[in-house]
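The next block holds one structure in the form of structure tokens; read it before the comments.
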Amino acid sequence: MQRREDPSPRDDAGSDPPSAKTAAAMGVRRCLTLALGVLPFGVAFGATATELGLGAGHSAAMSMMIFAGAAQMALLELWRADASVVVLVTVAVVINLRLGLYGGALAHSFPTRSTARRALLAYLITDQLFATSLARFGEPGGQRHRVAFFVGGGLTLWLAWQLGTILGATLGAQAPPSLGIDFVAPLVFIALAVPALRNRADGAAALAAVLTFVALPDLPRGLPLVLAAAVGLIVGTVVGTRTP
Amino acid sequence: MTASSPTPTLLLTIVLVGLATYAIRASLFVWPTATSSPRVQQVLRRVPAAILPVLVVSTLNASTPTALPERTLAALAAAAVAWRTHDVTATLVVGMAALWLLSW
């Protein structure tokens, strides 16, 4: 859920890539800086997972099967709170619903009618790839070799996430407890939460959710988070419809 | 921090969330229909703000009580960096550095 400033005018903005390979390379280049930001996030996830008792295999499985940082971190926290499968899956799904919107927005950018190919491409959809691709496809010269660009950039980001996860899981296993590695979890959420507060409606949602969360008695198994988030969503939506 | 070993629940969850997330990604991409209603979009737009700050509090609460004062201060420093830079790496680095300095 990173909000990255994009797009600024690029040196290669007007270029019409002569081949798929060039387009793919462009995708890699455009996503490289973002990938360098994804890597520490992945390390944080792997380290947090290890801190909670998960092996590197489980962390890797999560990063490969789910491939969504904020949802994965939320799963870890809810699992620590002994949440039920229903709560775990529901929260993760709600966090990831925006990926569907990205898919809908990107769908028209790809002329390919092959369902199999679209199905494969869909796996790579993330916040960063969505933003980068949308920016690129709007540039002059951005009509051709879009699949190659998408795959180049998408794989770069994917690799960074997997690599970070494995690094974090293995390094985290060796880190002494006095290092306070478990503090990484709230830090990651701070890094994601602060940019998410863009306007009054967001602020209202956050405030309502946090107040609800701290006010709730010791409910078990992830319920406080779900209830707090629901209250936040309601309040935020109401404020959102009332403010311009 | 709990050090419980992963249960079948977690494994089942990983598989379910993985399938669901992929289904979310693929659905509107493979079968683009009319975009979802403005009302749905309006609610979805609030999801990060409604969930992420609560997770900040939840994870901070999990700290050992004696460590909480330093952690709260370090968290505030990290939040300030996040506000200025919107940079995940910078936030992590400053937050951990602040914690180590305060815990010294």
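The figures here come from the full heavy-atom set of this structure, side chains too, leaving out hydrogens, waters and symmetry mates. Predicted model only: the values in this text are computed from it and were never measured. So you know, we letter chains A, B, ... as the sequences are listed, proteins then strands, and number each from 1.
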Could you tell me the separation between the CG atom of B/L28 and the OH atom of A/Y102, rounded to the nearest 0.5 Å? 13.5 Å
Any heavy-atom pair between the side chains of A/T241 and B/R39 that's under 4.5 Å? no
So which heavy atom on A/V210 is nearest to which on B/P53, and how close? CG2-CB, 3.8 Å
Donor-acceptor pair, side chain of B/R25 and main chain of A/I125, under 3.5 angstrom: yes
Okay, A/L179 and chain B: the region with an atom under 4.5 Å from a heavy atom over there is both
Interchain contact, A/A44 with chain B, by part (heavy-atom threshold 4.5 Å): side chain
A/V188 versus chain B, the contacting section by heavy-atom distance below 4.5 Å: both
Nearest heavy-atom contact between A/L192 and B/L52 is O-CD1, 3.7 Å
Below 4.5 Å from any heavy atom of chain A, which atoms of B/L12 appear? Answer side chain, backbone, both or neither. side chain
Taking all non-hydrogen atoms of both residues, which atom of A/A209 and which atom of B/A50 are closest, and how far apart? CB-O, 3.3 Å
Would you mind reporting whether A/V184 and B/M96 have side-chain heavy atoms less than 4.5 Å apart? yes
To the closest 0.5 Å, what do you measure between CG (A/D82) and OG1 (B/T9)? 8.0 Å
Is any side-chain heavy atom of B/V17 closer than 4.5 Å to a side-chain heavy atom of A/V93? no
Determine the option with the most heavy-atom pairs under 4.5 angstrom with chain A, choosing from B/L92, B/L19, B/L99, B/V43. B/L92
Is it the backbone or the side chain of A/F213 that comes under 4.5 Å from a heavy atom of chain B, or both, or neither? side chain
Apply side chain to side chain contact (heavy atoms under 4.5 Å, CB included) to A/L101 and B/R45, showing your working. CA-CA 11 Å; A/L101 293 181; B/R45 231 173 273 146; over 6 Å; no
At a heavy-atom separation under 4.5 Å, does A/S114 approach chain B through its side chain, its backbone, both, or neither? neither
Sort A/F67 into side chain, backbone, both or neither according to what part of it lies under 4.5 angstrom from a heavy atom of chain B. both
Applying a strict 4.5 Å limit to non-hydrogen atoms, the region of B/A67 in contact with chain A is neither
For A/L97, which atoms come within 4.5 Å of any heavy atom of chain B: side chain, backbone, both, or neither? both
Examine whether an atom of B/W83 lies under 4.5 Å from a heavy atom of chain A, and if so say whether it belongs to the side chain, the backbone or both; otherwise answer neither. both
Residue, of A/R117, A/M64, A/M65, that accumulates the most heavy atom pairs under 4.5 Å with chain B: A/M65
Could you tell me if the side chain of B/Y22 sits less than 4.5 Å from the side chain of A/I66, heavy atoms only? no
Which atom names give the shortest non-hydrogen contact between B/A78 and A/L187, and what distance separates them? CB-CD2, 3.4 Å
Out of A/A71, A/G103, A/G232, which one racks up the most heavy-atom pairs below 4.5 Å with chain B? A/G103
What part of A/L207 gets closer than 4.5 Å to chain B, counting heavy atoms only: side chain, backbone, both or neither? neither
For the student: nearest non-hydrogen atoms of B/A79 and A/I190, plus distance: CA-CG2, 3.6 Å
Do the rings of B/F29 and A/F150 sit parallel, tilted or perpendicular, given the 30° and 60° boundaries? parallel
So what's closer than 4.5 Å to chain A heavy atoms on B/L60: side chain, backbone, both or neither? both
Leading residue by heavy atom contact count with chain B [cutoff under 4.5 Å; candidates A/A228, A/A204, A/A230, A/G180]: A/G180
Do you know which of A/V85, A/T115, A/N199, A/L124 has the most heavy-atom pairs under 4.5 Å to chain B? A/V85
B/L10 side chain reached by A/L54 side chain, heavy atoms, under 4.5 Å: yes
Picking from B/I51, B/T21, B/V54, B/T91, which has the most non-hydrogen pairs under 4.5 angstrom with chain A? B/V54
Looking only at non-hydrogen atoms, find the nearest pair between B/A26 and A/A122 and report the distance. CA-CB, 3.7 Å
To the nearest 0.5 Å, what is the distance between CH2 on A/W79 and OG1 on B/T13? 10.0 Å
Against chain A, work out which of B/L55, B/I14, B/V30 has the most heavy-atom pairs shorter than 4.5 Å and name it. B/L55
A/I234 vs B/R46, test: side chain to side chain contact (heavy atoms under 4.5 Å, CB included). Steps then yes/no. CA-CA 9 Å; A/I234 294 169; B/R46 303 280 90 82; over 6 Å; no
Contacting moiety of B/S27, where chain A heavy atoms sit under 4.5 Å: neither
